[in-house]
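In this text, all values refer to a predicted model and were calculated from it rather than measured experimentally. Naming convention: chains lettered A, B, ... in sequence-line order (proteins, then strands); numbering from 1 in each chain.
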Number of protein chains: 2
Amino acid sequence: MTTETATQILHATHSALCKHGYAELTMQDIADETDLCKASIHYHYDGKHDLLVAYLDHLYEQFEDRIAEPAGETPAERLRGLVVALVTDRSDAPAFQTALLEIKAQSPYDDAFRSRLQRFDHAFTAAVREVVAEGVADGTFHEEVDPDAVASFLTTYVNGAQTRHAAVGHPLDDSAAAVDAYIDEALRADQAASTGGGPSSETANVGGTE
Amino acid sequence: MTTETATQILHATHSALCKHGYAELTMQDIADETDLCKASIHYHYDGKHDLLVAYLDHLYEQFEDRIAEPAGETPAERLRGLVVALVTDRSDAPAFQTALLEIKAQSPYDDAFRSRLQRFDHAFTAAVREVVAEGVADGTFHEEVDPDAVASFLTTYVNGAQTRHAAVGHPLDDSAAAVDAYIDEALRADQAASTGGGPSSETANVGGTE
DNA sequence: TCGAACTGACTGTCCGGTCAGTCAAAAAAA
DNA sequence: TTTTTTTGACTGACCGGACAGTCAGTTCGA
């Protein structure tokens with residue numbers, strides 16, 4: 001098939017996923033976002049599962065690009081950009097985060113999903129680790145800061161922020177603010193530590209906002 | 001119906017949920033964990049959704065008891081007990097956490113689920129806040145520690161640990177260790193802050209060792 | 001004997017997947 | 001060039017399985 005058709009179907013999958021959620025997603029829903037019929041999608045993809053996996057791969061490529069070179073002058077800004085990008089309420093994708101959580105929840109039952117999600121997790125952790133290491137190297141962050149520990153910590157925190165937002169409506173802004181406080185208070189070498197309950201960490205999100 | 005029958009069905013719901021997961025759960029699966037037939041369950045509950053909601057309520061009662069009076073001499077120990085109880089790999093419930101995540105992921109589509117999950121969230125946050133406040137009051141924790149912020153922070157982190165464990169297999173032990181480190185380094189008044197910052201706590205290594 | 005508890009058989013619906021066939025454009029033959 | 005064949009893309013109609021929920025009827029204890 002032409003790449004145009006492929007992206008059309010992948011795009012339709014995204015829209016349908018946001019509209020109906022993963023659990024309620026049907027092939028017809030996807031076809032409805034297309035000028036093709038249901039059978040045509042089966043013609044291009046071996047089945048629903050195949051299509052979803054292709055969609056996750058497609059998503060990962062975008063995610064990879066997005067976290068590849070964090071914008072910002074200082075490591076602190078880049079770190080903030082990296083994390084906050086996943087913990088910000090983008091009006092274009094309220095339902096997307098929810099659908100992604102549904103997929104995460106299916107991951108234990110589906111090896112293909114699981115390996116894809118692991119790629120997201122590893123990529124994000126690696127990106128954070130990289131930026132933190134830069135910060136430690138150039139003196140932005142305390143020298144005792146362990147990039148591995150911080151990266152894993154933030155990844156877990158981001159996961160929590162996303163889950164808690166989707167599940168109980170805990171504001172993403174609150175979680176983002178807590179990360180900001182964490183960066184300032186726990187990592188930055190030039191900031192006075194003010195303790196307090198500030199730093200809450202979380203991590204999580206795989207897919208990003210799209 | 002007798003409360004015995006009720007608990008039998010609720011128990012069966014739990015077992016079936018762990019065995020099959022939420023997405024694949026059928027009324028027949030639940031009935032199979034019972035000495036009743038499918039129709040009998042429909043006789044006692046208005047439907048699948050009703051039963052699941054009753055199950056969540058049942059679950060909440062147990063949860064409430066569990067976090068009601070955290071065990072431990074010091075606030076630090078009680079806080080640890082509170083958090084680690086939710087971030088420990090209990091052999092009896094590997095699949096249970098996954099099923100719970102599936103339910104969380106459905107929460108945005110289901111008001112009854114959502115309100116129940118919010119009760120869990122609020123109860124846990126309140127329990128943490130309480131213990132932290134005790135710790136601040138008796139000098140175990142720094143006086144600058146904000147119980148509200150710490151409670152929200154830890155709740156989010158716990159969510160992240162659970163999600164990341166289920167979704168990509170990130171070890172719960174690692175997350176638990178990070179929380180231990182957080183308590184020691186960011187909250188406890190008698191611990192030396194590892195960073196150069198100031199007199200107040202430092203959370204440089206909040207992420208822990210993992 | 002009355003009614004609550006329970007059951008087996010059944011129904012309606014939904015959905016993933018299949019299939020025979022259409023159609024247009026490319027390739028091959030004339 | 002014109003005609004024929006092939007092929008890839010696509011479609012409407014259909015199939016079969018799964019599952020929530022129903023219902024007429026049975027069982028059994030009070």
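Of all nucleotides in DNA chain C having an atom under 4.0 Å from a heavy atom of chain A, the first and last in 5' to 3' order are dC15(C) to dC19(C).
Here the closest heavy-atom approach between residue G21(B) and residue E102(B) is recorded as CA-OE2, 3.4 Å. Across all their heavy atoms, C37(B) and A31(B) have their closest contact at C-CB, 3.9 Å.
Along DNA chain D, the nucleotide closest to I41(A) and the one closest to L25(B) are compared, and the more 5′ of them pairs with I41(A). Taking for each of C37(B) and H42(A) the nucleotide of DNA chain C with the nearest heavy atom, the 5'-most of the two is the partner of C37(B). Place E24(A) and L36(B) on DNA chain C by their nearest nucleotides, and L36(B) ends up nearer the 5' end.
Panel note: side chain R164(A), backbone G169(A); no donor-acceptor pair is recorded below 3.5 Å. Distance alone, capped at 3.5 Å, places no donor-acceptor pair between the S152(A) side chain and the A149(A) backbone.
When heavy atoms are screened at a 4.0 angstrom cut-off, T26(B) is found touching the sugar-phosphate backbone but no base atom. Using a 4.0 Å heavy-atom distance criterion, D46(B) is classed as making no nucleic acid contact.
A sub-4.0 Å separation between OP1 or OP2 of dA9(D) and a side-chain N or O of Y43(A) is present.
In this pair, Y60(B) and F120(B) present their aromatic rings perpendicular. The plane angle is above 60°, beyond the 30 to 60° band. Using a 30° and 60° split on the angle between ring planes, H11(B) and H14(B) fall in the perpendicular class, above 60°.
Note: NE2 (H49(B)) to C1' (dC19(D)) measures 17 Å, nearest angstrom. A straight line from CD of Q28(B) to P of dA20(D) spans 9 Å, rounded to a whole angstrom. Rounding to whole angstrom units, CG of residue D35(A) and P of dC10(D) are separated by 8 Å. The separation between H20(B) atom NE2 and dA18(D) atom P is 14 Å, rounded to whole Å. Protein atom CE of M1(A) is 13 Å distant from nucleotide atom C1' of dC10(D), rounded to whole Å. Atom P of nucleotide dA18(D) and atom CG of D32(B) are separated by 14 Å, given to the nearest angstrom.
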List the atom pairs, donor and acceptor, that lie under 3.5 Å between side-chain atoms in residues 44-52 of chain A and the rest of the protein, sequence neighbours left out.
{"unit_1": "K48(A)", "atom_1": "NZ", "unit_2": "L25(A)", "atom_2": "O", "d": "2.7"}
{"unit_1": "H49(A)", "atom_1": "NE2", "unit_2": "D110(A)", "atom_2": "OD1", "d": "3.2"}
{"unit_1": "H49(A)", "atom_1": "NE2", "unit_2": "D110(A)", "atom_2": "OD2", "d": "2.5"}

Derivation and outcome, ring-ring contact (aromatic ring centres under 6.0 Å, His included), residues F153(A) and Y182(A): CA-CA 11 Å; F153(A) 168 73; Y182(A) 168 77; 4.7 Å; yes

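Between the side chains of R129(B) and T155(B), not a single donor N or O lies within less than 3.5 Å of an accepting N or O.
Ranking dC10(D), dA20(D), dG12(D) by closeness to the T5(A) side chain, first place goes to dC10(D).
Within residues 100-107 of chain B, no residue has any heavy atom under 4.0 Å from DNA chain D.
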